[in-house]
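Here is the structure we will look at, set down as structure tokens.
This is a predicted model, so every value here is computed, not measured. In what follows, chains carry the letters A, B, and so on, assigned in the order in which the sequence lines appear, proteins first and then strands, with residues in each chain numbered from 1.
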Amino acid sequence: MSEGACERRCFPSISRSPLKEQKMVNLNEGSKTSNKSLDRKHWILQQRRSLPIASVERRLVDEVRKNDTIIIVGETGSGKTTQLPQYLFNAGFCRDGKVIGITQPRRVAAVTVAKRVAEECDVQLGQKVGYAIRFEDATSTSTRIKYMTDGLLLREALLDPILSRYSVIIVDEAHERTVHTDVLLGLLKKVQDARLKQHKLDKPYINNVVKFDNECHSSNMKFAPLKLIIMSASLDAKGFSEYFCGAKAVYVQGRQYPVDILYTYHPEPDYVDATLITIFQIHLDDGPGDILAFLTGQEEIELVDMLVHERLKQLPECSRNILTVPIYSSLPSEQQMNVFRPTPSNFRKVILATNIAETSVTIPGVKYVIDPGVVKSRYYNPVTGMESLIIMPISKAQALQRSGRAGREGPGKCFRLYPESEFWKLIDSTVPEIKRCSLSNVVLQLKALGFDDIIGFDFMDKPTRSAIKQSLQELYLLGALTDDCKLSDPVGIQMARFPLDPIYSKALILSGEFKCLEEMLIVVAMLSVESIFYSPREKLEESVVIIYEMALLYFSPPVIFYYKARSAWKKFSSPDGDHLTLVTIFRAAVEYREKIRSATNKEKAIDKSLSRWCRDNFINNRSLKHALDVHSQIKVYLEQMDMSLSSCGDDVLQFRRCLTASFFLNAAEKQPDGSYRVKANGQNVQIHPSSVLFRTKPECIIFTELIQTNQIYVRNISRAWMPELSQYYDVES
DNA sequence: GAGCACTGC
């Protein structure tokens, strides 16, 4: 055990705001015969009035009237997301049937906030207040306040380039700087310019920036200027203000309790151990309240979980009242829900979380936060086109976000497992995603929106030139761009319509020619979701445990852990590779679902049976459902494009030909030592052991995933069809 | 013979 973690000093609280205790109306109080819905309405009204933003309603509306763009910096709990759209609606911003659009980076936020606002407005969800996210549209012609994901608004812009339905667009959580948010900000700036120009000239809308081929706008319509509101929780509005030509920034106070920040004296060499020590230190020395510890991933969470229980045994009986609850995104949702269960009396809950608990999930009852100051983050190398996950220091903004989680319900404490001097060395805010991911999709979208000069596009943070060039090149090789770098017709235009990775879109288009669209659609849907295979590490059945313990003597543990799952998957596996294996799984699932459907028409019962089928076959239920959704969504697009769902039936060669033609950039050939060499760039790679071709090792393969962990692996592999491949590469390359 | 931060269309 390191000693450093025990010595701490206290620094003044960094996040505090004047706090007035709000008198809450208890719904359970009072006469039971009284009208409950009236009580609820009264309670909601009181809640709304007590929000910090309520006192500045008039000022905010005035600012929006006076300025076309404003930045609102609102701390957590200010009420900006739910209240501002209502203020603007009441102030007449939805006249002439115009809509106020509010974008969110996450689906769940769009849905929950819309539900809340519909209740506050006392309307049915989908009427005046609605939401739209992928696969779900809860809006109607009467919707005036529309919550949506930022990615969905980008898609809308493809059909309506000047977003003519909207009078106001509010970009919420802009500080998170997702790719979608960043592209949207650039687009909205242009839309604003275009609408303003048209408005001033009082002429039909014409411009050379935004494509304009949608028939509903070719009439002589006049558009009012677009009001743009950027909402951010970060204290630094300067970046946004500069980007929007000096737009005014307005601060709205939040409602957050003070959080004491504690640092270590010395850097901790082992943050996992330091986390463990801190958990026990809080448990033994501090008052009641749950602990939230941020860790980097599933493996680390499982390790700490185990170590906590091991060390608990060393404590006296009366101090063993700790309950650990892990949470990370790939955990099945029923298990995720455990964090919301009330802690049994006399127990202290210790939540072991990834950064899912930073923004996506708000856990009640947290009084103590442990922040080791690291995060697992995706790193993309544009030169090799490879992505890897690395553990790296967090940013100051992230550290603030984490400590804020301790002050949601009362004063809290945050233990930063690093010295204060280290805090000041952290970067101010996380590098925007657009600077660390593949840009192929972004470039394709921008081209489809009519922006031809990608390098000159007005990004808030410009991606590197090399990343843009690499994407342009990839899109050119896929046939989406012409020799002069314009979107090709029809391939490029079609590709941009699909909500898929460009390379998958291309595969779909090609598979029409190869008469195996049905199969490719399944492959693309299955590849577009998280891993379809689920291999639990725990909950081994007793009989298995005995075998496991015996077998431990002979094999390494992973072999046994996955034995059962492996044997379940065996019946799906195809000798031609992982792609046809995925097709078999998908079809088996659909067949099973239809069988159940013929017995019952209750959707819930069908869902339940399907999850049981998934569990029996070690398939990830959530991923499979997602793949089914993607499949039906893309099918609609294909029908709209008059592409018929042709199947190659048993003609596997035809499918391999198509796969090879689609993914020729991802071809690799076997080397004498059993490793593979990527034909396009000479990179040396290994077949991932999860592949059905791991042992077979064919001469030439096509892969659809390249990842770097301890080694450079390719995953999702099929046998290439050599004659097809020779069309793209010289025979001796 | 191995490993999965978090989102999104």
Side-chain angles (χ1 to χ4, degrees), chain A residues 103-110 132-136 148-158 173 176-184 294-302 327-331 353-361 374-379 387-392 394 398 401 430 433-434 436-437 441-442 444-445 448 496-502 504-505 525 528-537 555-563 565-566 620 623 626 629-630 633-634 637 674 686-691 694-695 697 705 707-713 715:
Chain A
T103 72
Q104 295 289 330
R106 278 172 295 280
R107 293 160 55 91
V108 59
I133 57 176
R134 188 184 186 183
F135 312 130
E136 255 181 270
M148 65 197 129
T149 45
D150 41 19
L152 197 100
L153 185 60
L154 272 178
R155 285 272 151 196
E156 257 187 58
L158 285 177
E173 312 285 5
E176 289 192 24
R177 303 291 307 275
T178 65
V179 181
H180 287 155
T181 305
D182 273 23
V183 176
L184 192 60
F294 285 99
L295 294 160
T296 65
Q298 178 181 345
E299 210 177 330
E300 217 168 82
I301 287 172
E302 282 167 355
I327 183 164
Y328 44 87
S329 96
S330 58
L331 195 72
T354 58
N355 42 350
I356 193 173
E358 246 173 50
T359 46
S360 308
V361 175
V374 282
V375 65
K376 198 183 275 185
S377 171
R378 177 185 284 162
Y379 170 80
E387 47 187 38
S388 42
L389 286 169
I390 47 170
I391 293 173
M392 53 186 283
I394 57 171
Q398 245 175 320
Q401 178 70 30
T430 314
E433 198 187 355
I434 203 156
R436 49 189 175 89
C437 72
N441 222 343
V442 170
L444 186 63
Q445 293 301 308
R497 282 207 64 191
F498 291 115
L500 294 169
D501 266 2
Y504 295 160
S505 306
S528 297
V529 302
E530 284 169 82
S531 176
I532 212 85
F533 300 103
Y534 174 61
S535 30
R537 288 184 223 218
F555 300 108
S556 63
V559 179
I560 304 301
F561 273 127
Y562 302 117
Y563 176 76
R566 278 262 153 192
N620 184 328
S623 303
H626 191 186
D629 281 339
V630 175
Q633 186 193 27
I634 306 294
Y637 280 99
Q686 307 278 343
I687 294 187
H688 195 272
S690 64
S691 170
F694 176 70
R695 282 173 204 279
K697 289 202 178 4
E705 196 183 357
I707 45 156
Q708 181 165 22
T709 52
N710 290 331
Q711 293 193 67
I712 299 172
Y713 286 108
R715 247 196 321 216

Measure the distance from [atom1] on [X] to [atom2] on [N] and round it to the nearest whole Å.
X        : N     : atom1 : atom2 : answer
A/Tyr713 : B/dC4 : OH    : P     : 10 Å
A/His688 : B/dG3 : NE2   : P     : 6 Å
A/Gln298 : B/dG3 : CD    : C1'   : 9 Å
A/Ile687 : B/dA2 : CD1   : C1'   : 14 Å
A/Ile390 : B/dG3 : CD1   : P     : 16 Å
A/Gln633 : B/dG8 : CD    : P     : 14 Å
A/Glu300 : B/dC4 : CD    : P     : 12 Å
A/Ile707 : B/dC4 : CD1   : P     : 7 Å

Where the chi angle of B/dC4 falls, syn if within 90° of 0 and anti if not: syn
Just to be sure I understand the rule, does [X] reach a base, reach only the sugar-phosphate, or reach nothing, if contact means heavy atoms closer than 4.0 Å?
X        : answer
A/Arg106 : sugar-phosphate
A/Arg695 : base
A/Phe498 : nothing
A/Ser329 : sugar-phosphate
A/Leu389 : base
A/Asn710 : sugar-phosphate

5' precedence on DNA chain B between A/Phe694 and A/Arg378 (nearest-nucleotide basis): A/Phe694
Side chain to side chain, A/Cys437 and A/Arg378, heavy atoms closer than 4.5 Å: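 Of all side-chain heavy-atom pairs linking A/Arg378 with A/Cys437, none is under 4.5 Å.
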Heavy-atom check, side chain of A/Val375 versus side chain of A/Met392, under 4.5 Å: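 In contact.
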For a quick test of reading the model: is some side-chain N or O of [X] closer than 4.0 Å to OP1 or OP2 of [N]?
X        : N     : answer
A/Arg497 : B/dC9 : no
A/Thr354 : B/dC6 : yes
A/Thr149 : B/dC9 : yes
A/Thr178 : B/dG8 : no

A/Lys376 side chain, from C-beta outward: closest of B/dT7, B/dC9, B/dC4: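 For A/Lys376, the side-chain atoms sit closest to B/dC4.
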A/Tyr328 side-chain proximity, nearest of B/dC9, B/dG1, B/dC6: B/dC6
Presence of salt bridge, A/Lys376 and A/Glu299, under 4.0 angstrom: no
Exercise: do A/Thr178 and A/His180 side chains pair donor with acceptor under 3.5 Å: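 The answer is no; no qualifying pair exists.
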Nearest non-hydrogen partners of A/Thr149 and A/Arg106, listed with the distance: CG2-C, 3.9 Å
Side-chain (A/Asn355) to main-chain (A/Glu358) donor-acceptor, under 3.5 angstrom: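 Checking the backbone N and O of A/Glu358 against the side chain of A/Asn355, no donor-acceptor pair under 3.5 Å is found.
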